Amino acid sequence: MKCDHCDNLATVHLIEIKGGKKIEKHLCEEHAIKEGVAVKVQSAPINDLLEKFVLKHSGPEATDEPLLCPSCDTTYDQFRKNGVLGCPDCYSTFAEPLKHLLERAHEGASKHFGKVPQRAGIDEIRQQRLIRLRRDLEDAVTQEQYERAAQIRDELEEAEID
Amino acid sequence: MSLGDLPKHAGTWLSGEGPQGDVVLSSRVRLARNIAGFPFLSTATESQRNELLSLAQKRILDANLAQDMLWIDLADSPKLDRQLLVERHLISRQHCHSDGPRGVAVSADESLAIMVNEEDHLRLQILRSGMQLEDAYKQADQDDDKLERHVDYAYTSQLGYLTACPTNIGTGIRVSVMLHLPGLKLTGEIEKLKNAAKDMHLAIRGFYGEGSDAVGDLFQVSNQTTLGKTEKQLLDDFQDTIIPQMIEYEIKSRNALLEHRPTVLDDKIFRALGALSNARLLGKEETLYLLSYVRLGVSLKRIDDIPMHTLNELYLLTQPAHLQKIAGERLSGPQRRELRANFVRQHLKV
Ligand SMILES: [Zn+2]
Ligand SMILES: [Zn+2]
């Protein structure tokens, strides 16, 4: 059966009662997500599985002191919900709770044994600094602090130079 | 090269001429990479996404990865074009349907595609016909090296390449092989294979990445573990053990069918051929279902006048966006079914 909105296969089927009227809906994954319907998926697609996997293995829910990434303001709870992290720095912020998840996802591994970039990248402190400067820049612009924004732009330019 | 040239033929990766082409349709290697100094896309602002997009576009073109690279700005592309790219396995469904600044770079022969601003900043993919994983990885590795001369990747020695989802961290590699397994399906052995795959931490999906109900008996086998193993270990596992075993299993099933149920087998094959050669209306999934038996018939030499690449091509060209591109206009469901049937009849005529 086709999705009500496009040609993709409808995998989400639901019946809604609105004003005493029964409305049937048949949607593909994308449109189900777009419509924001929290629904049962008949044949779970892989993204869904991964998210469930993340939820299942991401440890206990955060307690009163929520873990917050200082570089991108993502909380651990947000990660549990979305299944994706906010920035590379989240890996060190959430290192402790992520440890279990990584081991479950990667057959017990916790260390990389693969390709090393030829340039070995830029060091982690500089990566972190760039991400934070970029966030501060966005904040300054939204708050219309243009002088501060210009100053951050200069700092950013300097930090980017090899 | 433009998008308009694509819909008439399948990419070279579907030529059906690759090694072990009667069971293995294609090999694919995908690398997930993020640019250092930027947040992942879930927290990137609109302006950061724009910055990433133009940066990536520029660096990809600078890196000179292929003679003729086509850059497609997806936010600017009509839906039909984006669907065409999904059908050709050049972008993911997520990339097609999502919003915001995003794009894809595609080489003229479609063997290389780099999605920009999907789940990760960059997702580089190499596609090859038949069983050519090693070759695909070599190419991906080289292109990755070339790109890396122009961008710094988010990387730590402890965790490797940092990705938005922790399930891709480390090598960031996803190795996938597309298998045609009608024998295992007919003998009912496919469930065993699926269970075995699960135990080996492998994912099995359909032709278009859908759930476990693969249409047309096409199954995509890929790794899930990306941390703690080198790329070579992973490739060797696929190349020396996993895929050869699956191929052997499929061949055994086909031979068992030939030996014990030849009439039932021929009936399925020639009914499917009859339907495809004579139908006046064909549904999308019905076509994939029928093509599977004809493909099996060609592979087992029960049918000898249809080349394999014609069938592989039909898998792709009978998809809705392709049909509409070939027709040059939007078509309704019934119109598509009619055109699909005509198109298949023409192609199967010898
Ligand atoms: Zn839809
Ligand atoms: Zn973060």
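In what follows, chains carry the letters A, B, and so on, assigned in the order in which the sequence lines appear, proteins first and then strands, with residues in each chain numbered from 1. Please read all numbers here as calculations on a predicted model, not as lab measurements.
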Using a 4.5 angstrom heavy-atom cutoff, name the option from B:A44, B:S157, B:P320 with the most pairs to chain A. B:S157
Find the distance between CG (A:N8) and SG (B:C96) and round it off to the nearest 0.5 Å. 7.5 Å
Is it the backbone or the side chain of B:Q324 that comes under 4.5 Å from a heavy atom of chain A, or both, or neither? side chain
Side chain, backbone, both or neither: which part of B:K79 has a non-hydrogen atom closer than 4.5 Å to chain A? side chain
Check whether any side-chain N or O of A:Y91 sits under 3.5 Å from a backbone N or O of B:T163 as a donor-acceptor pair, and report yes or no. yes
Applying the side-chain contact (heavy atoms from CB on, under 4.5 Å) test to A:K115, which of B:D141, B:I173, B:L31, B:T171 qualifies? B:D141
Do the side chains of B:D152 and A:R126 get close enough for a salt bridge, i.e. N-O under 4.0 angstrom? no
Given heavy-atom pairs under 4.5 angstrom as the criterion, report whether the side chain, backbone, both or neither of B:N34 touches chain A. neither
Highest number of heavy-atom pairs under 4.5 Å with chain B: which of A:L102, A:L98, A:L133, A:V141? A:L102
Taking only Lys NZ, Arg NE, NH1 and NH2, and the carboxylate oxygens of Asp or Glu, determine whether A:D7 and B:K284 approach each other closer than 4.0 Å. no
Are the side chains of B:L227 and A:K111 in contact, using a 4.5 Å heavy-atom criterion? no
More than 12 heavy atoms of other residues, nucleotides or ligands under 6.0 Å from CD of A:Q143: is that the case? yes
Using every non-hydrogen atom in the two residues, find where B:L159 and A:S110 come nearest and quote the distance to one decimal. CD2-O, 4.0 Å
Roughly how far apart are A:I131 CD1 and B:F40 CZ, rounded to 0.5 Å? 7.5 Å
Are any non-hydrogen side-chain atoms of A:R134 and B:Q48 less than 4.5 angstrom apart? yes
Top residue by heavy-atom pair count (under 4.5 Å) with chain A, among B:L234, B:V151, B:L41, B:T226? B:T226
Does any heavy atom of chain A fall under 4.5 Å from the side chain of B:Q233, the backbone, both, or neither of them? neither
Mind checking whether B:H97 and A:H31 have ring centres under 6.0 Å apart? yes
Heavy-atom closest pair (B:I169 atom, A:H106 atom, distance to 0.1 Å) is CG2-NE2, 3.8 Å
Closest non-hydrogen atom pair, A:G86 against B:S42: CA-OG, 3.7 Å
For A:F79 versus B:P166, what's the shortest heavy-atom pair and its separation? CZ-CG, 3.6 Å
Determine the minimum heavy-atom distance between B:T230 and A:F113, stating which atoms define it. CG2-O, 2.6 Å
At their closest point, which heavy atom of B:A154 faces which heavy atom of A:Q127, and how far apart are they? CA-OE1, 3.6 Å
To the closest 0.5 Å, what do you measure between CZ (A:R135) and OG1 (B:T43)? 10.0 Å
